[in-house]
Each structure stands twice: as C-alpha cells, then as structure tokens.
2 protein chains.
Amino acid sequence: MKLITRDTDYAVRALREIAQSKEKMVSTVYLEEKLGIPRAFLRKILQLLQKSGILDSAKGNQGGFILARPAQDILLLDIIKVFQGDVCVSECVFLKEPCSQKSCCPLRGELKKIENYALERLGAVTLKSLSANTRK
Amino acid sequence: MKLITRDTDYAVRALREIAQSKEKMVSTVYLEEKLGIPRAFLRKILQLLQKSGILDSAKGNQGGFILARPAQDILLLDIIKVFQGDVCVSECVFLKEPCSQKSCCPLRGELKKIENYALERLGAVTLKSLSANTRK
DNA sequence: TCCTAATGATACTATATAGGTATCATTTGT
DNA sequence: ACAAATGATACCTATATAGTATCATTAGGA
Ligand code: FES
Ligand code: FES
C-alpha cells in the first residue's frame, strides 16, 4: 500500500536539489547525473511541475528549471497532488459505478479519520523542511 | 489513492452478512444474491478468508461459511491484511531495487507517522463495530 | 546568422496490479 | 446415487504505473 508513487518520490528529490542549487537554472541533464533518475522520465516529471506552477522554466541554451516560489511555500501535499491527484484515502472503491452505499458504508467513517490525519501531516511539511532533514 | 481495495470491501460486506445470519452455514449463492457481488469473485474471497482463519467452512450439501471466532475478535486490520498484505503506507517505492536512501530518505519519517496512526485506527475497529454502524 | 543546448507538447510502449472467470476435484446430507 | 456445496488452481482482462521516444520551439553564444 503506497501513499507515495515513484513520480512523487523523484519529484521531491529533484526539487530538493533545485532548491539547494546556487545556479540560476538547473538542467535536466545535471539532475539526471546527480540523482540517477532516467532522463526522459525526469523530464516528464519536471514538465509537470512546471505546468502546475511549482517550477519556472527557461527554454534554450543555459535554460532549465528553478523554484517558482520559496521552498517554505511549497508543501509536500502540493507535490503529491501533481502526480497523484487529491489525497483521498477514503475514496470509494466503486467510484465509477455510482455507489449506492455511500451513506451507509461501514468503512467510510474510519477511513475519513485517517485521511484527515494524513492531510494534516502532509500539509505541514514544506520542501524546506524536507531539505533540512537531509543531514542525518 | 486507496487504502482499501475492492477485495477488502467485498470481504467486509460478506463478513457482516455472515455475522448477522442466524443460519448455521452461509453459502456463496446466498451472499451473491444478497450483496450483488459476482459469484466467482466472491468465492475466491471467501476461500481466502477461510485459509487465513477468519472463516470456518463446511463442504458438501448444506455447507457454507461461518465466522471462525466472535465478531468482536475480528479486526478490520486482519481483513485488510488478508487481501493487501501488511499495512505499510511508508513502503519504499524502490522496495525491489534495494534502496540506498533508506536512512536519509526525506519522506520516510512523515509517512511513518501517518502509518502509525492508520494502524492504530484500523486496529481499533472490529467486525462487530462495523456491523453496529449499519443502522444509520 | 547558424549551431547547439535546452524545454514544450505529445504519443507511444512495457510491466505490474487489480479485478474477475472458469474448471475440475472433493466432500457431504438426503 | 445425486445434488449442492467448497478446495485448489489456472487463467484472463482492464487499468494504472513506470518509462521511452520524437519532433517542435526557443534562446544564448561563437
Ligand atoms: S463502497 Fe461506496 S461508499 Fe463504501
Ligand atoms: S526511496 Fe527508499 S527509503 Fe525513500
């Protein structure tokens, strides 16, 4: 059971790297070498982060990516949402076949509590705090 | 993001039905009609519950399934484990390629907290309490 | 100005997991 | 003996995850 997919995990690593960089723009090639993430996949991930407003980008020579806002304003929850949609632990397993049991389903209540807790924790973690944790 | 798969959801419904039944043995056919779960799939689910010791079964005519222990001794967590393995929200996304970052991964700490909370909640819910919730 | 290094957009492929079926053997009450 | 049930097991299909590939576009610098 995974709360975090590989996209998200890679994204966090790349973002930490970008946050810590002193360069103006950080390129995919640089990140690939530093992190060992397959380049094409990493590119897709960075493009998504750009579209969602977490990264700014520059095309052309010397181009690359940079944080669109300070690291303390980027939440782990924001990053998760880009790749995994809304955090919704209590999602009905029959979401697509309109479910007749929504109001009486014996699981929803408990799952909702867990979801709320998860949202609270994930919303409290910023990219900045994730970077601080590094020096173990 | 799903904490509960369809197997588990079906299992919970079937178990509630079995718990409430006054018959000695409850058959797959009866449950199929009552719950609208595809029979072959339901059979697989019940067989798994039997193997894992949550249900007892009887073969032959008038056979079927019955709870192996009182409803208050069957935890939601037990049921989840049968179909989804251990609840492990903080599972490393690179589980199969031994992960070099286990000790320094910036996500593990937070995910672990969420996992602990989930375990605590799910471990507190019994089949009996799930049945009680029904009469909304 | 042209070349090159970069991203943007988008389509495609591969693999794993979830969800579901099907079949035959075995058991048991009537 | 027969019918009604489960046991064991193999298989299939759809979807989601993970990853690749390609061409177009942009911008800096020799
Ligand atoms: S199955 Fe639809 S709400 Fe629980
Ligand atoms: S990626 Fe392996 S521990 Fe975080």
Side-chain angles (χ1 to χ4, degrees), chain A residues 1-11 13-14 18 23-33 35-66 68 80 82-85 91-97, chain B residues 1-11 13-14 18 23-33 35-66 68 80 82-85 91-97:
Chain A
M1 186 186 318
K2 280 187 207 138
L3 205 51
I4 297 288
T5 57
R6 199 172 288 201
D7 304 299
T8 305
D9 187 289
Y10 283 155
R13 295 185 203 193
I18 293 170
E23 305 299 315
K24 248 187 268 174
M25 287 288 164
V26 184
S27 74
T28 307
V29 176
Y30 171 81
L31 289 172
E32 182 204 10
E33 277 163 14
L35 301 172
I37 299 171
R39 186 182 324 190
F41 196 27
L42 182 56
R43 244 162 74 62
K44 188 160 86 168
I45 288 168
L46 294 172
Q47 284 186 14
L48 266 169
L49 288 169
Q50 185 273 324
K51 270 191 192 162
S52 69
I54 291 174
L55 287 177
D56 279 341
S57 66
K59 288 168 96 175
N61 202 334
Q62 305 301 315
F65 297 91
I66 194 77
I80 291 177
V82 171
F83 302 98
Q84 304 175 232
E91 186 176 329
C92 172
V93 286
F94 296 105
L95 218 53
K96 282 162 195 162
E97 321 139 31
Chain B
M1 186 184 318
K2 280 188 209 135
L3 205 51
I4 297 287
T5 57
R6 196 171 290 202
D7 303 300
T8 305
D9 187 288
Y10 283 155
R13 295 186 203 194
I18 293 170
E23 304 300 314
K24 250 187 265 174
M25 286 288 163
V26 184
S27 74
T28 308
V29 176
Y30 172 82
L31 288 172
E32 182 204 11
E33 276 164 14
L35 300 172
I37 299 171
R39 186 182 325 190
F41 195 28
L42 182 56
R43 246 163 73 64
K44 188 160 85 168
I45 289 168
L46 294 172
Q47 283 188 12
L48 266 169
L49 288 169
Q50 185 273 325
K51 270 191 193 166
S52 69
I54 291 175
L55 287 178
D56 279 340
S57 67
K59 287 167 99 174
N61 201 336
Q62 305 303 315
F65 298 90
I66 194 74
I80 292 176
V82 171
F83 302 98
Q84 305 174 236
E91 185 176 329
C92 172
V93 288
F94 296 106
L95 218 54
K96 284 164 194 162
E97 322 139 31

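We use all heavy atoms of the structure for the numbers below, so side chains are in, but hydrogens, waters and symmetry mates are not. Numbered from 1 within each chain, the chains take letters A, B, ... in sequence-line order.
- Taking the side chain as every heavy atom from C-beta outward, A:Tyr30 and A:Leu35 never approach each other to under 4.5 Å.
- Here the shortest heavy-atom pairing between A:Ala14 and A:Leu46 reads CB-CD2, 4.3 Å.
- Considering all non-hydrogen atoms of both residues, B:Gly63 and B:Ser27 come closest at O-CB, 4.2 Å.
- Summarising the geometry, the separation between CG on A:Leu55 and P on C:dG8 is reported as 10 Å, rounded to the nearest angstrom.
- Residue A:Ser27 has no polar side-chain atom (N or O) positioned under 4.0 Å from OP1 or OP2 of C:dA5.
- Rounded to an integer number of Å, the gap from B:Gln47 CD to D:dA10 P is 13 Å.
- Within the 4.5 Å cutoff, no side-chain heavy atoms of A:Thr5 are placed close to those of A:Tyr10.
- Following rounding to the nearest Å, A:Gln50 (CD) and D:dT26 (C1') show an atom-to-atom distance of 13 Å.
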One pair to check against side-chain contact (heavy atoms from CB on, under 4.5 Å): B:Leu31 and B:Ile37. What are the steps and the verdict?
CA-CA 8 Å; B:Leu31 288 172; B:Ile37 299 171; over 6 Å; no
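- Remark on the helix from C:dT1-D:dA30 to C:dT30-D:dA1: inter-end axis angle 10°, axes from five-pair C1' superpositions, rounded to 10°.
- With the nearest nucleotide of DNA chain C identified for both B:Lys2 and A:Ser57, A:Ser57 has the one nearer the 5' end.
- Regarding A:Glu91, its CD atom lies at a distance of 14 Å from the P atom of C:dA18, rounded to whole Å.
- The residue A:Arg39 sits apart from the nucleic acid: no heavy atom pair falls under 4.0 Å.
- Note: CG (B:Leu42) to P (D:dT6) measures 9 Å, nearest angstrom.
- If you check distances only, the side chain of B:Arg43 does reach the base of D:dG7 with a donor-acceptor pair under 3.5 Å.
- When all heavy atoms of A:Ala58 and A:Met25 are compared, the closest pair comes out as CB-CE, 3.9 Å.
- The shortest side-chain heavy-atom distance between A:Phe65 and A:Thr28 falls under the 4.5 Å cut-off.
- If you take CD of B:Glu32 and P of D:dT6, they are 11 Å apart, rounded to a whole angstrom.
- Under the side-chain hydrogen bond (donor to acceptor under 3.5 Å, both in side chains) criterion, the residue pairs touching residues 38-49 of chain B are B:Glu32-B:Arg39, with sequence neighbours excluded.
- The nearest whole Å value for the distance from the CG atom in B:Leu48 to the P atom in D:dT9 is 12 Å.
- In the set C:dA9, D:dA8, C:dT21, D:dA8 carries the atom at the smallest distance from any side-chain atom of B:Lys51.
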Distances under 3.5 Å only, N/O to N/O: pair up the protein atoms with those of nucleotides 26-29 of chain C.
residue: C:dT27; atom: O2; partner: B:Gly60; partner atom: N; Å: 3.2
residue: C:dT28; atom: O2; partner: B:Asn61; partner atom: N; Å: 3.3

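- Two residues, B:Lys44 and B:Thr28, neighbour DNA chain D, and the one matched to the more 5' nucleotide by heavy-atom proximity is B:Thr28.
- In this entry the distance linking CD1 of B:Ile4 with C1' of C:dG19 reads 16 Å, nearest Å.
- Scanning all heavy atoms of the two residues, the minimum distance from B:Ile66 to B:Ile18 falls at CA-CG2, 4.0 Å.
- Between C:dG20 and B:Arg6, a contact under 4.0 Å exists linking OP1 or OP2 to a side-chain N or O.
- When all heavy atoms of B:Ile4 and B:Asp9 are compared, the pair lying nearest together is CG2-N, 4.0 Å.
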